[in-house]
Amino acid sequence: MALYEVLIIGSPEANQIAAITKQLEDVAKVMSLEVPDDLSILTTLDLQRRSPKATTLALYFGGDPTVDVDAVNQLETAKVPIVPVVEQGKSVTAAVPHEIAHTNACLIDAGDDTLEALASVSLEVLGLLHRQRRIFISYRRTDSREAALQLFDELSSRGFDVFLDTHDIRPAEAFQEMLWHRLSDCDVTVMLDTKDYFGSKWTAQELGRSQALGIQILRVIWPEHSGSRHLSLSDTVRLTPDDLDASNRLRPELLAVIAKKAEALRSRSIATRHLDLVGRLKSEVVRIGGQFEGIGAYRSVSLTLPGGRRLEAYPMVGVPTADMLNDIQDKASKAGHGRFPCLVYNHIGIRPAWIDHLRWLDAQISSVRTLKVSDAGWELVEWDE
């Protein structure tokens, strides 16, 4: 029985079904999920095979609003989230049944043959990706400030929370501390690789920390520059002289290309960092004589400590928040596994004041706790007493 199901209904074209299927299968592979055993991709014909125990999402491809109305009603009764998918520029209310016409739609570009943004939305709704969509722009102000500002505007317009040092660090805040805190919470680093990129200790450290944290890096190489230090990063956009104007501003069409590549890297980035957390946690649990019992719903991990205490660990990428703890409480309650839930995270780069805040939350909320993965071994021994 699959843990997750994606139901494709409405009026999808054959190439759209193929594109979204490929995207979901590719991400599932990175997340160590098997298709169809863990993640099933279904159509209207499979509606009756839908598992009531699986976490399910429906994608309604707009076109003829009279198609699959019965399926929409059935899914709404079952409280399955339905995402309307409509081409940019077309009327949502004219393309989907009125039952879902006022649900915020995912707008796709005409001719989009990848559907990467739709795949990200799907994984967010299923709980496999966090809903925050954060990007860090690493650049030299003296070389590429105008391009960085362009990317800030473009990515922000596409729903990303973009970190740009000139916009996001307030006066009187500790610059370096805040920089690393925000970087640790990002999914993708966009590196504007100019000839003097490594002329600043900050950019060198931003790149190094991104690599150390497992953050995927999109490298944009400036014209007539072979690329700094022959780095092999996640993906690359190589610019030509015609791609920049006299003010070092990017050609508008390139902004969309960079944004799509960043979107494609996001799910891979979160998946690899999540797997790293799980691997490190498993190592610590086994080292103290506990049992690592496998992956469950919402990518949680079932553990039994040496003394018999049963835990359900929820590895979380980025900076933990009170909302995340509340969400874990809800998931644990719905799962009904009877295990004590905990949020596992990597504390590297997170501000000391925020770590203190998490300790305070642990003291206030007795039904769920946070756990630094680096401290898991000795701390779990204390939990087991």
Side-chain angles (χ1 to χ4, degrees), residues 1-5 28 30-34 37-39 51-57 123-132 270-347 350 355 357-385:
M1 182 183 299
L3 295 171
Y4 307 96
E5 292 177 341
V30 176
M31 292 182 170
S32 297
L33 296 173
E34 297 292 334
D37 294 342
D38 299 317
L39 172 65
S51 169
K53 293 185 178 181
T55 301
T56 305
L57 159 73
L123 295 167
E124 289 168 14
V125 176
L126 290 173
L128 291 170
L129 289 184
H130 49 228
R131 290 182 180 268
Q132 69 180 38
I270 296 170
T272 53
R273 293 174 72 187
H274 182 277
L275 290 175
D276 177 65
L277 277 173
V278 172
R280 293 171 64 185
L281 177 64
K282 179 179 180 179
S283 176
E284 290 298 308
V285 170
V286 171
R287 187 171 63 83
I288 63 173
Q291 295 180 1
F292 184 93
E293 297 167 8
I295 309 296
Y298 306 108
R299 306 187 75 202
S300 62
V301 179
S302 299
L303 311 170
T304 299
L305 301 182
R309 189 175 190 187
R310 300 163 68 239
L311 305 177
E312 195 74 6
Y314 293 81
M316 292 289 176
V317 173
V319 177
T321 65
D323 287 342
M324 288 183 184
L325 289 171
N326 289 331
D327 186 46
I328 286 173
Q329 281 184 300
D330 291 341
K331 288 175 179 176
S333 177
K334 290 175 183 177
H337 45 59
R339 296 170 176 268
F340 182 79
C342 61
L343 182 157
V344 181
Y345 70 102
N346 182 355
H347 76 287
I350 297 178
I355 301 292
H357 172 65
L358 294 175
R359 291 195 190 100
W360 179 84
L361 286 174
D362 282 339
Q364 303 302 311
I365 306 173
S366 60
S367 54
V368 61
R369 288 189 64 180
T370 62
L371 176 66
K372 294 179 187 176
V373 71
S374 60
D375 297 345
W378 64 266
E379 195 160 341
L380 288 177
V381 169
E382 290 185 0
W383 290 17
D384 203 26
E385 294 176 351

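Of the possible donor and acceptor atoms, one in the side chain of R309 sits under 3.5 Å from a partner among the backbone N and O of W383. Checked by atom type and distance alone, the side chain of R339 pairs as donor or acceptor with a backbone atom of L303 at under 3.5 Å.
Between H347 and I355, the closest side-chain pair of non-hydrogen atoms falls below 4.5 Å. Residues E34 and L3 fail the side-chain proximity criterion, which asks for heavy atoms closer than 4.5 Å. A 4.5 Å side-chain heavy-atom check between L343 and M324 finds at least one atom pair inside the cut-off. Within the 4.5 Å cutoff, no side-chain heavy atoms of P341 are placed close to those of R369. Side-chain contact between K331 and Y314: present, with at least one pair of heavy atoms (C-beta onward) separated by less than 4.5 Å. Using a 4.5 Å heavy-atom threshold, the side chains of Y345 and T370 count as touching. Residues E284 and W378 are not in side-chain contact: their nearest non-hydrogen atoms beyond the backbone lie 4.5 Å or more apart.
Annotation: the span from N346 atom CG to M316 atom CE amounts to 14.5 Å, rounded to 0.5 Å.
We find that K282 and E293 are not joined by a salt bridge, their nearest charged nitrogen and carboxylate oxygen being 4.0 Å or further apart.
H274 pairs with exactly one of V317, L128, L129 by the side chain to side chain contact (heavy atoms under 4.5 Å, CB included) rule, that one being V317.
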